[in-house]
Amino acid sequence: MLSPLLLLLLLPALLDLKPAGAALIRIPLQRVQPAHRHLSPLGAWGAGSPQPGAPSPRDKPTFVPLSNYMNAQYFGEIGLGSPPQNFSVVFDTGSSNLWVPSRRCHFFSLPCWFHHRFNSKASSSFRPNGTKFAIQYGTGRLDGILSKDKLTLGGLHGASVTFGEALWEPSLVFTIAHFDGILGLGFPSLAVEGVQPPLDALVEQGLLDKPVFSFYLNRDPEGSEGGELVLGGSDPAHYIPPLTFLPVTAPAYWQVHMKRMEVGRGLTLCAQGCAAILDTGTSLITGPTEEIRALHTAIGGLPLMMTGEYLIQCSQIPKLPPVSLLLGGVWFNLTAQDYVIQISRGGVRLCLSGFQALDVPPPAGPLWILGDVFLGPYVAVFDRGDSDTGARVGLARARPRRLGPQVQRSG
C-alpha cells in the first residue's frame, strides 16, 4: 500500500531485460531522471474475492530484475503473446491474478491511453476465453475479460496462462501509475474466477522445477539497481545466512504468526501474538490504528491529516529507537534508517514514517502487513512447499549491495 504523500514524489527506473541462457545472469537496473508519476496502493485488501517456449534448466533459479520507485514500489517486465508484447508489472504477493490493459478497452478508460495494451490480433498463440472478471484493489477497481496466451518471464518462455485483459479501469491511480499491470504471486484460493495463478502454471507445465521464489529489494539510495525476483530458488549472495523459516498459517495471502513487536525498550505491540502478511504489493508496514498511534507516540511521529500516515523530524532519525519483530523465535530489527522514508525534492527534505494505520476487519483481520519497508532490509523466500512440508516463508537480513561478495548462484 503506497502512501498518498508518496504518490506525487515517486522516482521511476527503467530496466534492461535480457533473456537468460543456460548460465544465470544478473541483469542490473538503471535509474532515470525523476518524473511525476505514482503507484496505486496495491495491498492485499480487496485484491480479489477469496475463493476456496523452451524450458529453462531445471534445478536452477530464473532471475527477473525489478525496478525501484524511490523505495516505494517494485516492478519488472514480462511478455505476453507470440511474438511477446512487453508489459511492466508489479509482482504482488498479495494477489493471485495476472492482468494487463487491453487494446479493446473502453474509450473512456483513461489508463488504457497511458499504458501498453495487449493486442490479441497481433499474437499467433492467442486463445479467447471471454469470461468476465472484476478485481477491487485498495484504491482502484478494474473490469475485463479473461484470455489465454503464452507468457515470457525472465528466461522462461512458452508458458500457457490465463490472464485478464482490463477493459475498464475507472480509478485515477491506474492512469498515472508507471506499471501497466499486476502479476499476482499469492495462493490459488485468492484468484478471481478460479484462474490458475502464473506460478502454478509454470510449475505444472514443467518450466519451473519448484514453486519457490524470492525477493531482493535494494533500498540503497546510492545504488543503481532496484533488486531482483528469483524464480525457482534464492540467491545466497542477496542475504546473510541463515534463513529463518516460518510456516504459512493461512495459505491465501503469505500469512505468518508474529509473536510480538518491540519499540525500543519501552513499548510492546502485538503483545498476545498476531497475524502478519508479507506483501510485496504494499510499500509500508501497516497495523491496527491504536497500535500504530502508540508506536508513533514512542518515536515522535506527527499525524498527517486523516491519512493514517505520520511525519518524522529528520533531525531525530539518529536518536530514534529500533523496532523489533519476533518471528519464528528470531528478532528481526529495523533501525530508523530502515523504517523512515527520506524524500528530497527541490532542496526540501521530508521524512515519512514507514508505519501506517490500516484496520483490516474480521474475518481477515486484525493483522499487520509487512510491506517493502520490511522486505527491503530482509530478503524473503516464498516456498509453496508440498503436501508433506506445507508452505513457508524464509527470512534473512539482506546483504548490503555495495559490500556484497561476488555472486554465487544457488538453486
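Just the heavy atoms: all of them, side chains too, but no hydrogens, waters or symmetry mates, feed the values below. Not measured: the values here are computed from a predicted model.
Salt bridge absent: K210 and D386 never bring a charged side-chain N and a carboxylate O closer than 4.0 Å.
In this structure the side chain of I78 reaches within 4.5 angstrom of the side chain of L98, judged on heavy atoms. Between L278 and L395 the shortest side-chain heavy-atom distance falls below 4.5 Å. For the pair P321/I299, a side-chain contact is recorded, criterion being any heavy-atom separation below 4.5 Å from C-beta on. Taking the side chain as every heavy atom from C-beta outward, K150 and T152 never approach each other to under 4.5 Å. Residues V381 and V212 have side chains in contact (heavy-atom distance under 4.5 Å, counting atoms from C-beta outward). The side-chain heavy atoms of P377 and Q337, taken from C-beta on, include no pair separated by under 4.5 Å. For the pair I292/Q356, no side-chain contact is recorded, criterion being any heavy-atom separation below 4.5 Å from C-beta on.
Using cut-offs of 30° and 60° on the angle between ring planes, the pair F187 and W254 is tilted. Using the six-membered ring where Trp is involved, F118 and F87 have ring planes that are tilted, between 30° and 60° apart.
The closest side-chain donor-acceptor pair between H296 and S353 falls under 3.5 angstrom. Using modelled atom types, one finds a donor on one side chain and an acceptor on the other under 3.5 Å when comparing E262 with T268.
Taking the ring axis of Y378 as reference, the NZ or CZ atom of R397 stays within 45° of it and closer than 6.0 Å to the ring centre.
For the side chain to side chain contact (heavy atoms under 4.5 Å, CB included) test, residues two or more places apart in sequence or in another chain that qualify with R104 are S102, S120, F126, I145, S147, E165, L167.
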